Amino acid sequence: MPLLLHDTLTRTPRPLTPLDGKTLRFYCCGPTVYGPAHIGNFRTFVAQDVFRRVLEFGGQPTLHVRNLTDVDDKTIRDSQKAGQSLTDFTRYWTEKFHADCTALNLLPPHVEPSAVAHIVHQVRMIETLIERGHAYATADGSVYFKVTSFADYGRLSHLEDRELKLGASEATRATDSDEYTKDSLADFALWKARKPEDGPNFWPSPWGEGRPGWHLECSAMALEYLGEDFDVHSGGIDLIFPHHENEIAQSCCATHGKFAHHWFHVTHLMVDGGKMSKSLGNLYTLEDLQKRGYSAAEVRYVLISGHYKAPLNFTFHSLDAARQALQKLAKFEKALREASGETALFEAAQLIAHGSAGPLQEAWDTLSDDLNVPGALGAIFGAINRTKPASLSKEEARSTLLSLHFMLGALGLVLPSVPEDSTADIPAEIADLAERRWQAKQSKDWPLADTLRKELDAAGWIIKDTKEGYQVLKK
RNA sequence: GGCGAGGUAGCAAAGUGGUAAUGCACUGGUCUGCAAAACCGGUAUGCGCGGGUUCAAUUCCCGCCCUCGCCUCCA
């Protein structure tokens, strides 16, 4: 059963089958590398990662392209401010971004093209658009896309002519727009003529020195790596207009293809019930949360715990809940391992061959229905509550273990170690405290025993009494 | 104002035309000296508000209210 995914353009869920019959090719708008990405940005990237994993775990090969926007107003402005070359500046933030992606267990895209490295492709595309009468150069050496030349403009965002004009009238007030002589205020820049504040960041073109417009980057790189027609294009919901609308216009007018056949947009993350913003002090980066003692795995869990189409409210309480939920999964996993006697790690191919089977089939079916992650998690926990690993046969336990890993792999969840796994080296003073507490307990000196237990607790250790004796566990 | 997405327990979040998943939190029990852990239970007569359709509506229809996003370079 192919993955069912809601399509922004048709506003209906549609099954995804690759256009070329083999590989499902998709493009994701990547980050602008001018500062640290925040968890809202990562909600989108994590959702796209789950999308890819679900396809691949379902046996569908993919070609995942995600660009790096390393030349635009912000990267140029901030690199100048930092006194660095654009290359050095964007390289630094790109490396930061990659480190966060790795921590969040995001599969690296198969191709990660940089905008700067594709200026030639963009210039070529502009030339085609001018030849075909969809774009025009102005006296200052900029080039604009002629929106009225593309009849379908506004179809994705469902903006009527009236609304487009309304937006244009607002733009009239912006001084920047007045510097150019656009035919229509709704027209957008494909090439921006060099300005003094750009510093050394300009490139040659048939229309003079300058740099490409932001929207064009994605069209040019998608064409280069995915062709005129490809399966899915994805990004944050805010990109629908104007970015994706403009991409469609550029690409459809410059090629004979239809561009993306399916649009996948991820709704924004909210924090404490409202939008995230620097001024409200609720804009968090992964690093911020790690400094507060949360793991990237916990952050990932929170980010996928709401359906991608619905607003998700991020709170610290939700991070705490994620920690407990992951712990519960880890304990179940451990119990299955013990019941099956299985110690090896599984290969991806082995998991895919095994599938979700048995008690987790429902979870997989739910996940395959428009990437319903919260529904799938619910099904997994439901199965956990109904399954007693100790009562399973070795074979049953192994099969369930494989199914669990299949689902965890599809969701990209990495389990934490359970406390029992980290008892290896107990410091002498801790062992001593524990032993004294045990002796106190044996002699029924409850106050002393409790005091010693509190000391252990404060030091980060837990005492677990059993029939035979006691265990010391790291918290 | 236009377009879009949402409003479900203390928090978070699925779902369905016919007794409301799941996680956290809370709580009762078993166990324990008491705990912790584990295990077995409990916790929304209710799903923004008001109408309508229906034997039956949280689910479909209409109206309204609220939240969030976009409305020219924000994931």
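From a predicted model like this one, the values you see are computed outputs, not experimental measurements. Just so it is clear: chains get the letters A, B, ... in the order the sequence lines come, proteins before strands, and each one is counted from 1.
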[N] phosphate, OP1 or OP2: any side-chain N/O from [X] under 4.0 angstrom?
| X | N | result |
| --- | --- | --- |
| A:Lys328 | B:G23 | yes |
| A:Lys309 | B:C68 | no |
| A:Lys331 | B:A38 | yes |
| A:Asn313 | B:C11 | no |
| A:Asn385 | B:G23 | yes |

[X] near the nucleic acid: base, sugar-phosphate alone, or nothing, with a heavy-atom cut-off under 4.0 Å?
| X | answer |
| --- | --- |
| A:Lys74 | sugar-phosphate |
| A:His317 | base |
| A:Gly235 | sugar-phosphate |
| A:Leu312 | sugar-phosphate |

Residues in side chain to side chain donor-acceptor pair (under 3.5 Å) contact with A:Asp369, at least two apart in sequence or another chain | none
Counting only distance, no hydrogens or angles, is the base of [N] paired donor-acceptor with the side chain of [X] under 3.5 Å?
| X | N | result |
| --- | --- | --- |
| A:His268 | B:A75 | yes |
| A:Arg453 | B:A35 | yes |
| A:Thr44 | B:A75 | yes |

Compare the minimum distances between each of B:A25, B:C3, B:A14 and the side chain of A:Gln324, then state the nucleotide with the smallest one.
-> B:A25
Would you check if A:Gln250 and A:His215 make a side-chain contact, meaning some heavy-atom pair closer than 4.5 Å?
-> yes
Tell me, what's RNA chain B's dot-bracket, Watson-Crick or G-U with both distances under 3.5 Å, | for other-strand, [ ] crossing?
-> (((((((..(((.....[...))).(((((.......))))).....(((((..]....))))))))))))....
Sequence neighbours excluded, which residues qualify as salt bridge (charged side-chain N to carboxylate O under 4.0 Å, His left out) partners of A:Asp465?
-> A:Arg437, A:Lys441
